[in-house]
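Below is one structure, written out as structure tokens; the observations come after it.
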Amino acid sequence: GQQVMQIPQYQHVQEGEDFTTYCNSSTTLSNIQWYKQRPGGHPVFLIQLVKSGEVKKQKRLTFQFGEAKKNSSLHITATQTTDVGTYFCAGPGGQNFVFGPGTRLSVLP
Amino acid sequence: DAGITQSPRHKVTETGTPVTLRCHQTENHRYMYWYRQDPGHGLRLIHYSYGVKDTDKGEVSDGYSVSRSKTEDFLLTLESATSSQTSVYFCAISGGLAGSSYEQYFGPGTRLTVT
């Protein structure tokens with residue numbers, strides 16, 4: 001079946017440093033979504049990408065969908081302590097969503 | 001946040017006992033999902049529903065059953081709880097299928113411990 005992988009599994013950064021997480025699918029995706037889960041919280045939808053090569057920005061967050069629509073990335077510029085959490089990508093797998101295992105981000109003040 | 005509640009929020013139960021978790025939504029969304037979240041595994045789909053009385057299995061459905069008698073309620077039952085079912089369970093809702101570009105909204109989660 002379809003697999004969605006993410007790297008790295010963990011990332012520790014100093015506040016102010018940049019952060020990038022990568023998502024790779026075993027199959028071509030019609031769209032990809034990103035979610036953020038704060039420690040002790042629930043996943044919250046961040047954004048959806050649909051078009052090949054699409055780039056979207058939300059303040060310090062930049063999301064990119066690969067040209068082949070099999071990979072995606074999330075880049076955070078100048079991390080802040082509020083960015084702490086786990087970032088998941090998710091893509092359609094049949095009728096449902098298949099989530100990657102997530103990248104846990106720690107930000108040291 | 002979307003109108004999704006889960007009950008109970010925390011539960012400790014003994015091996016072999018039945019357990020039912022409830023998900024309630026006020027958004028009138030057609031699709032509802034149950035996931036479990038374990039370290040290193042992300043979110044894994046247990047069962048989902050695409051309408052009242054319409055349900056189907058997900059990736060990790062063994063040992064679980066579901067029911068949906070009303071649009072707003074989706075129940076997850078562990079017929080005979082095992083220690084391997086200790087996990088955090090999330091309910092989610094969506095206005096449409098994954099391939100049709102609908103996002104999911106998650107409930108606050110239920111932390112279940114099976115001793």
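Just so it is clear: chains get the letters A, B, ... in the order the sequence lines come, proteins before strands, and each one is counted from 1.
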Treat each ILVMFWY residue as a node, draw an edge where side-chain heavy atoms are under 4.5 Å apart, and state whether [X] and [Y] are in one component.
{"X": "B:Trp34", "Y": "B:Val60", "result": "yes"}
{"X": "A:Trp34", "Y": "A:Phe45", "result": "no"}
{"X": "A:Ile32", "Y": "A:Val4", "result": "no"}

(request) Could you pull out the closest heavy-atom pair between A:Pro43 and B:Phe90, with the gap in Å? (result) CD-CE2, 4.0 Å

(message) Could you report the tightest heavy-atom contact between B:Tyr102 and A:Phe97, atom names first, then the distance?
(response) O-CZ, 2.9 Å

(request) May I ask you to decide if A:Leu46's main-chain N or O and B:Glu103's side chain share a donor-acceptor pair within less than 3.5 Å? (result)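 No, because the side chain of B:Glu103 does not come within donor-acceptor range (under 3.5 Å) of the backbone of A:Leu46.
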
(message) Under a 3.5 Å distance rule, please check whether B:Tyr31 uses its side chain to pair with a backbone N or O of A:Asn96 as donor and acceptor.
(response)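 Not a single qualifying donor-acceptor pair exists.
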
(request) Classify the side-chain pair A:Gln37/B:Gln37 by whether it contains a donor and acceptor separated by less than 3.5 Å. (result) yes

(message) I need the single residue from B:Gln104, B:His41, B:Arg44 that forms a side chain to side chain contact (heavy atoms under 4.5 Å, CB included) with A:Phe99. Which is it?
(response)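 With A:Phe99 as partner, B:Gln104, B:His41, B:Arg44 yield a single side chain to side chain contact (heavy atoms under 4.5 Å, CB included), made by B:Gln104.
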
(request) Give, as side chain, backbone, both or neither, the part of B:Leu43 having an atom under 4.5 angstrom from any heavy atom of chain A. (result) both

More than 12 non-hydrogen atoms from neighbouring residues, nucleotides or ligands closer than 6.0 Å to [atom1] on [X], yes or no?
{"X": "A:Gln14", "atom1": "CD", "result": "yes"}
{"X": "A:Arg60", "atom1": "CZ", "result": "yes"}
{"X": "A:Tyr22", "atom1": "OH", "result": "no"}

